[in-house]
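Predicted model only: the values in this text are computed from it and were never measured. In what follows, chains are A, B, ... by sequence order, proteins preceding strands, each numbered from 1.
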Amino acid sequence: MSFARTKPLATSLRRDRWRDRSMNVLAQLKQAFHSALQGMVADPTPYLELIRPSQDAKFGDYQANCAMPLAKELGQKPRDIAQGIVERLDVSQWCDTPEIAGPGFINLRLRDEWIAQALGTVFADAQLGIVPTAEPKTVVVDYSSPNVAKPMHVGHIRSTVIGDSISRVLRFLGHRVVSDNHLGDWGTQFGMIIYGYKHFRNDEAYQVAPVAELARLYRLVRAVIDYHAAVLGVPAQEAALAKLVEQRTVAEQLAASTDAAEAKKGAADLKRLGSRIEASEEGLRATREKIALTEDSPEALARAQAHPNIATSVLDETAALHAGDAENRKLWEEFLPYCREDIQRVYKRLNIEFDEELGESFYQPWLGEVVEEFQAKGLARESDGAQCVFLDGFDTPMIIRKRDGAFLYATTDLATIRYRMKQWQPDAILYVVDHRQGEHFHKLFAAARAWGYDHVDLRHVAFGTVMGSDGRPFKTRDGDTVGLEGLLDRAVEKARSVVDENLEKSKDLVFSGEERQRIANVVGIGSLKYADLSQNRASDYTFSYDKMLELKGNTAPYLLYPYARVNGIFAKGDIDTEAFRATTPTISLDTPEERQLALKLLQFENALLDVTVDYLPNLLANYLYDLTSSFGQFYEKCKVLEAETETAKQTRLALCDVMRRTVRQGLELLGIEVVERM
RNA sequence: GUCCCGGUAGCUCAGUUGGAUAGAGCAGCUGACUUCUAAUCAGCAGGUCACAGGUUCGAAUCCUGUCCGGGAUGCCA
């Protein structure tokens, strides 16, 4: 059975697209079509979505594809309908006479004078012609959410960067955004550092640098636990491998069969088993290396042998903390600020801030109430000793209280929804969390709706896994997850060598080592973020330093370069930017490159609105890439400082300046900084 | 077993929610620096959009089935 659908935020945002705005051409065209279609069809709104930028310049700048679907509804020929629409349509303010082509496409070509005038308006506006939405929504964006006390790793980059960008775009468009870092500050990792603190601490180190000492304790306890788990896991891994090898033997026989169908199946099995065996062998090798890591060090081995039951002891410490044990509670309160401080270092490097950082522990006092309320409303009942919420359409229930009485993340998530609704009355709550938790969120949202929160758009903004070049989840050679800080260091380091290499080539410009490092920092971090944001979040993402730092293609360096180039033009021409912005340049678009660039610049707002429909920052990245490509062509063909006429020079300076401001603003909305020269 | 993603050029990926001849970058080949920064630009080549049906004026996109890959799947998060 299906649930009553809440009104998605995107629907109301989409309506913004054709609101009356002086600079948004598409919005204006939609309005003109709305008038023209009125009387022809009951509700013109859905057909307005069929007006879009043309794919090919020979079809004009925009095309309206509404005549074909209308043909069916009205029972007439599509070309006749197109003709009818055109006769009722008044777009003369913006366009040349519309043309009908093919089965009934209506092609629209903007008048050059209109584009020029619109560009002038954008040039004169500090906000690039973008006005805040008339229908501001309140949106909670839940992202990043690392476990504190545990080093952040590569898995956190996507949530952090995507969530940050979505927050920035929504806020820029005038929505009220509450960005909330739902920290894991109440889990087993605290049991680990509490255990570590009790058994392995170095008091002096803790006094001098508590954050570093706690991190050391975490790694140390983790290593001991991993060692025991590895030793215990080897037989099972070996057995699994043996089974696969056995299956391979069967497949080999099948492949040799005289029956064509059987042989084909055998060959397919062989191929599949081959890669599985490879993966299995590699896993086993990694496990053995992990064991060796401890056994090769007498000190580590002695420690491991002295703590054989460390895993359960850690769980006991965690349970004691949750049960209110005074000592553990005191330690937790002491450690938490240090752990928070530690992760802030990474956020600072990434230039990311949150409005709220309400961790799991914040909701802990209300978990009992939540369960009771679910029971009282008949939404939850006992099953096998656990409190379960059974939901239509799901095979398994959502468990909100374990047999042993402990709560789960589902419980916390429910309490969190209740708090957020009460505190901010949001229209939408976005969870920027990897796609593997999809089913959890489906259940959570269904439970929340049953609970009464059915007027909020709860949405799982899912993203894929970060993969290595081998096509498997991105790991270090030892099979560990890759630390986030090391990733940033390496990106900056690689960027530095790219910077050095390229600046050697420019003779006239002198860059100090300090400036080079600053550029490397912006380029390195920016590339790391952009590589992620420029890809559709739904797909898995193959991590590659070389690719993200490419100078051509859809990369951060490619987008940063035109910005610096325009600065170079202004510097060379000795043109004061502020003074120029105070003027009203005469604009006349006389070359295809100028026209194309101007048109792209006018589409910035549409790119931002597109991002908000399905929360896809890559649509903004695509736009910026498109824009800078157009600039590249313009730059090649149109001399700015040595333009043939004064009007051409003013036009081109204006184009350059609006381009530079748009790129800067666009990158800022992706959380990426610019450099003045490079 | 069931459910959720995905399969587009040798590689990495886009593809504006069903529109006209499927696009970029890398890799390969060819050109363009005494010129506002060549961290660039122009060009060539590269495709059975996994496969088979279906829906309609029109399908990479929607539906059904098959194959392949990944993920989730009762007490972790």
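When the C1' atom is used for both B:C49 and B:C33, the distance is 40 Å, rounded to whole Å. A distance of about 16 Å separates the C1' atoms of B:A42 and B:G25, rounded to the whole Å. If you take atom P in B:A60 and the same atom in B:G54, they sit 15 Å apart, rounded to whole Å. Taking atom C1' in both B:U8 and B:U61, the straight-line distance is 11 Å, to the nearest Å.
Using a 4.0 Å heavy-atom criterion, one finds that A:Asn65 contacts the bases of the nucleic acid, with or without backbone contacts as well. In this structure, A:Pro562 reaches neither bases nor backbone, as no heavy-atom distance under 4.0 Å exists between it and the strands shown. A:Pro557 comes within 4.0 angstrom of no nucleic acid atom, judged by non-hydrogen atoms across all strands.
Atom NZ in A:Lys443 sits about 11 Å away from atom C1' in B:C75, given to the nearest Å. Put simply, CE on A:Met467 is 8 Å from P on B:G71, counting in whole angstrom units. The CD-P distance, from A:Glu550 to B:C13, rounds to 14 Å in whole Å. As a whole-Å value, the separation of A:Gln63 CD from B:G58 C1' is 13 Å. Here B:A72 presents its P atom at 10 Å from CD of A:Gln437, a figure rounded to the nearest Å. Taking atom CG of residue A:Leu559 and atom P of nucleotide B:U37, one finds them 20 Å apart after rounding to whole Å. As rounded to whole Å, 9 Å separates atom C1' of B:G74 from atom CZ of A:Arg403.
In RNA chain B, stems built from 3 or more consecutive Watson-Crick or G-U wobble pairs, each with both distances under 3.5 Å, span B:1-7 with B:67-73, B:10-13 with B:23-26, B:28-32 with B:40-44, B:50-54 with B:62-66.
Between B:A14 and A:Ser539, a contact under 4.0 Å exists linking OP1 or OP2 to a side-chain N or O. Side-chain nitrogen and oxygen atoms of A:Ser534 include none within less than 4.0 Å of the OP1 or OP2 phosphate oxygen of B:A14. Dashed line: the shortest gap from a side-chain N or O of A:Asn622 to OP1 or OP2 of B:C13 is not under 4.0 Å. Distances shorter than 4.0 Å separate none of the side-chain N or O atoms of A:Gln633 from OP1 or OP2 on B:C41. Contact annotation: A:Gln55 does not reach the phosphate of B:G19 (side-chain N/O to OP1 or OP2, under 4.0 Å). Put simply, A:Tyr635 has a side-chain N or O that comes within less than 4.0 Å of OP1 or OP2 on B:A38. Between A:Lys552 and B:A39, a side-chain N or O to OP1/OP2 separation shorter than 4.0 Å is absent. Checking the phosphate oxygens (OP1, OP2) of B:A38, a side-chain nitrogen or oxygen of A:Arg565 falls inside 4.0 Å.
In this entry the base of B:C33 is syn relative to its sugar, with a glycosidic angle within 90° of 0.
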Would A:Asn618 and A:Gln535 count as a side chain to side chain donor-acceptor pair (under 3.5 Å) if you check the C-alpha gap in whole Å, the side-chain angles of each, and the deciding distance to 0.1 Å?
-> CA-CA 5 Å; A:Asn618 69 304; A:Gln535 191 147 133; over 6 Å; no
Could you give me the CA-CA distance, side-chain angles and deciding distance for A:Ser630 and A:Glu593, then say whether side chain to side chain contact (heavy atoms under 4.5 Å, CB included) is met?
-> CA-CA 7 Å; A:Ser630 295; A:Glu593 291 80 13; over 6 Å; no
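Taking the centre of each ring, A:Tyr545 and A:Phe543 come in below the 6.0 Å mark. For A:His440 and A:Phe445, the ring centers are positioned 6.0 Å apart or more. Checked against the 6.0 Å centroid threshold, A:Tyr623 and A:Phe604 count as a close aromatic pair.
Applying the salt bridge (charged side-chain N to carboxylate O under 4.0 Å, His left out) test to residues at least two apart or on different chains, the pairs with a partner in residues 61-70 of chain A are A:Asp61-A:Arg595.
The aromatic rings of A:His322 and A:Trp186 sit parallel to each other, their planes meeting at less than 30°, with 60° as the upper class boundary.
No hydrogens or angles were tested; on distance alone, nothing pairs the side chain of A:Asp434 with the base of B:A77 as donor and acceptor under 3.5 Å. Scanning atom types as modelled, one donor and one acceptor separated by under 3.5 angstrom connect the side chain of A:Tyr409 and the base of B:A77. At a cut-off of 3.5 angstrom, counting only N and O atoms as typed in the model, there is a donor on one side and an acceptor on the other between the side-chain of A:Ser383 and the base of B:G74.
Considering only the side chain of A:Met68, B:G19 comes nearest among B:G19, B:C75, B:C13.
Cation-pi geometry between A:Arg459 and A:Phe441 is not met at under 6.0 angstrom from the ring centre and within 45 degrees of the axis.
Aromatic stacking of A:Phe59 on B:A20: satisfied, with centres closer than 5.5 Å and planes within an angle under 30 degrees. By the 5.5 Å and 30° criteria, A:Tyr558 is not stacked with the base of B:A39.
Shown here are the side-chain hydrogen bond (donor to acceptor under 3.5 Å, both in side chains) partners of A:Arg677, two or more places apart in sequence or in another chain: A:Glu515.
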